[in-house]
Amino acid sequence: MSLLSLIALRKPAQLFGIRGGVHPEGRKFLSANSAIEPLPMPALLRVPLQQHIGAEAEPLVARGDRVLKGQLIGRARGPISANIHAPTSGEVLAVGHFTAPHPSGLPVPTITIRPDGRDAWGPRLPRLRPEDASPEALAARVAEAGIVGMGGATFPAAVKLNLREKYDLHTLILNAAECEPYLTCDDRLIRERAEEVADGAAIMARALGVGRVIVAIESNKPEAVAALQRHNLPMGLKLEVKVVPTQYPMGSEKHLVQTVTGQETPARALTAELGIVVHNAATAQAVHLAVRYGEPLLSRVVTVSGKGVARPANLQVLIGTPVADLLAHCGGLVGEPDRLLLGGPMMGQPIQSLRVPIVKGTNGMLALTRAETRAAEPHPCIRCGSCVQACPCGLMPFEMMARIQSGDLDGAAETGLLDCVSCGSCSFICPSSIPLVQGFNYAKGALAEKQSRKHQQEETKRLAEARTAREEAIAAAKRAAMEKRKAEMAAKKARDAAEAAAEAAASQEVVK
Ligand code: SF4
Ligand code: SF4
């Protein structure tokens, strides 16, 4: 038996189980042996200004401008936002709206660039020596470089690094679980660039001010485990590699923390409350490039897979590249796929058009055949309880769904809807093929909209009441001023009368 097989099969030591979860067929073999290939320069890049959680970036260029590779073209707005940079040199063709890589298919503000083929860099950010830089300077560099969580969460990475200001942190966990079937982009990245990933982890540990760095990786990636074990960390840190069981959704942040440390993060709390911050492996590599080489986040590795793709592969793709270019490079579609997804089959988002662009959080592009999707007509719930057993968050999916279907969104929230991490385990296991997670995603959106409307109404009412109170206060002040003036005038009149009387009396005295 080879060393790699032994690593994969050995019983993970000192790990704690997670509740629920499922074991979908991995199908990683389709792309796991495809080394990362650079995708040729696309004819057009469509770079959305909203590729992250938080406020969309403010455009800094206009139609007709020439841009250089790495140039800042969208500036982060507000504390939770991310900078956007030109992925290559070229001409700005438009600053307008374009279809988002999202199931809604709604247009989002987007900068369209026609590459000039020179791929000419603008001035890069100055290189930093993380050994000498302060945690604040490292976090500021990550923000400057526009780095977001590249595992799909897309939360601005610098905001997470700054959690040291609020929490007593001690551990960074690098999430290399990659538990979604088909996806192998993180696996390949670690196998081919382990040193960069490990260095990025050490830089983030320094920015967080923690002394412990753990890489958590599923047992189905023995080569990546071996690659990480070959690398030492700089700055006197030690890399602990923890092989976790291959089980979906192991990559969910809170479940990974629980598996590695045995500590459960309370519902709707951050893992930082336990002193732990989790970052994705690809995010670590982006941090390495930003700090050591001054390179903003311009491209990422994307797995193109599924039996609907002629040649599954892992591609290094510029942000903004249309999905159609990835498919064309991989030999195109085989027949008519049943589903086109960005991301994995469990949590990925269906796309309506091949023109939508790859964004910072896109880890996969899947073309799945009908045999792979196991698409079936939904049937009524038979109350088998399988979804309850599969839910890693301890929820009752069938109960939440019943409430959603009866229009009782508040009731669904009371039964835990907002604790649902949208992992899709319940939908996967349901023998009645009920689209549970789709229902939960819809309900969460509807609840958020309802809350936003309620908040707006309350805000409008509060502003109206404040205005009324202000107007009443002004009127009362005016009334008081008038009363005072009247009193002063009356007092003056009385004084004048008294003085006149006194004068009259005095003149009569003189006459006498
Ligand atoms: S798994 Fe499906 S059929 Fe079974 S209880 Fe849950 S929703 Fe109902
Ligand atoms: S999608 Fe939500 S309800 Fe369903 S298993 Fe995952 S966490 Fe539980």
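A quick note: this is a predicted structure, and the numbers were derived from the prediction, not measured. Both counts, for ligands and for their atoms, begin at 1 and track the order of listing.
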### Query
Which residue and non-hydrogen atom of the protein lie closest to atom 8 (Fe) of ligand 2, and at what distance in Å?
Cys391 SG, 2.3 Å
### Query
Against heavy atoms of Pro392, which atoms of ligand 2 measure under 4.0 Å?
5 (S)
### Query
Less than 4.0 Å between a side-chain N and a carboxylate O, is that true for Glu37 and Arg311?
yes
### Query
Ignoring hydrogens and geometry, is there a side-chain-to-backbone donor-acceptor pair from Lys221 to Arg188 under 3.5 Å?
no
### Query
For ligand 2, is Leu436 a contact, meaning one of its heavy atoms is under 4.0 Å away?
no
### Message
Are the side chains of Pro48 and Pro109 in contact, using a 4.5 Å heavy-atom criterion?
### Response
no
### Message
Applying side chain to side chain contact (heavy atoms under 4.5 Å, CB included) to Val317 and Leu326, what does each step give before you reach the verdict?
### Response
CA-CA 8 Å; Val317 182; Leu326 279 71; 3.9 Å; yes
### Query
Between Arg383 and ligand 1, which part of the residue brings a heavy atom under 4.0 Å of the ligand: side chain, backbone, both or neither?
backbone
### Query
What is the nearest protein non-hydrogen atom to atom 7 (S) of ligand 2, stated with its residue, atom name and distance?
Val421 N, 3.5 Å
### Top protein contact for atom 3 (S) of ligand 2, by heavy-atom distance
Phe440 CE1, 3.6 Å
### Query
With atoms numbered from 1 as shown, which atoms in ligand 2 lie under 4.0 angstrom from a non-hydrogen atom of Cys420?
1 (S), 2 (Fe), 3 (S), 7 (S)
### Task
With heavy atoms of Ile382 as the reference, note each atom of ligand 1 found under 4.0 Å away.
3 (S), 8 (Fe)
### Message
Once you restrict to heavy atoms under 4.0 Å, what part of Pro397 touches ligand 2? Side chain, backbone, both or neither.
### Response
side chain
### Minimum non-hydrogen distance to atom 2 (Fe) of ligand 1, winning option of Cys430, Ser427, Ser386
Cys430
### Message
Can you see whether Thr184 engages Asn314 through a side-chain donor-acceptor pair at a distance of less than 3.5 angstrom?
### Response
yes
## Note on the structure
Numbered in order shown, the ligand 1 atoms found under 4.0 Å of a heavy atom of Cys381 are 3 (S), 5 (S), 7 (S), 8 (Fe)
### Message
I'd like to check which ligand 1 atoms, numbered from 1 as shown, lie under 4.0 Å from a non-hydrogen atom of Ser432.
### Response
3 (S)
### Summary
Counting from 1 in the order shown, the ligand 1 atoms closer than 4.0 Å to a non-hydrogen atom of Gly385 are 4 (Fe), 5 (S)
### Exercise: do Lys28 and Thr303 side chains pair donor with acceptor under 3.5 Å
no
### Query
Is it true that the side chains of Thr369 and Asp338 contain a donor and an acceptor less than 3.5 Å apart?
no
#### Entry: Salt bridge present between Lys160 and Glu253 (N-O < 4.0 angstrom)
yes
### Query
Strictly under 4.0 Å, does any heavy atom of Ile429 approach an atom of ligand 1?
no
### Task
Report yes or no: do Thr415 and Glu399 form a side-chain donor-acceptor pair below 3.5 Å?
no
### Task
Give a yes/no verdict on whether any heavy atom in Pro249 is under 4.0 Å from an atom of ligand 2.
no
### Region of Cys387 that comes within reach of ligand 2 [heavy atoms, distance under 4.0 Å]
neither
#### Entry: Derivation and outcome, salt bridge (charged side-chain N to carboxylate O under 4.0 Å, His left out), residues Arg462 and Glu459
CA-CA 5 Å; Arg462 188 187 67 74; Glu459 191 58 12; 2.7 Å; yes
### Query
Any N/O/S atom, backbone or side chain, of Cys423 lying under 2.8 Å from atom 8 (Fe) of ligand 2?
no
#### Entry: Residue selection (non-hydrogen contact nearest atom 4 (Fe) of ligand 1) among Cys384, Ser433, Cys426
Cys384
### Task
Determine, using heavy atoms of Ala390 and all atoms of ligand 2, whether some pair is separated by less than 4.0 Å.
no
### Query
Is there a donor in the side chain of Asp186 and an acceptor in the side chain of Asn363, or the other way round, less than 3.5 Å apart?
no
### Task
Answer yes or no for Arg46 and Phe98: cation-pi contact, defined as NZ/CZ to six-membered ring centre under 6.0 Å and angle to ring axis within 45°.
yes
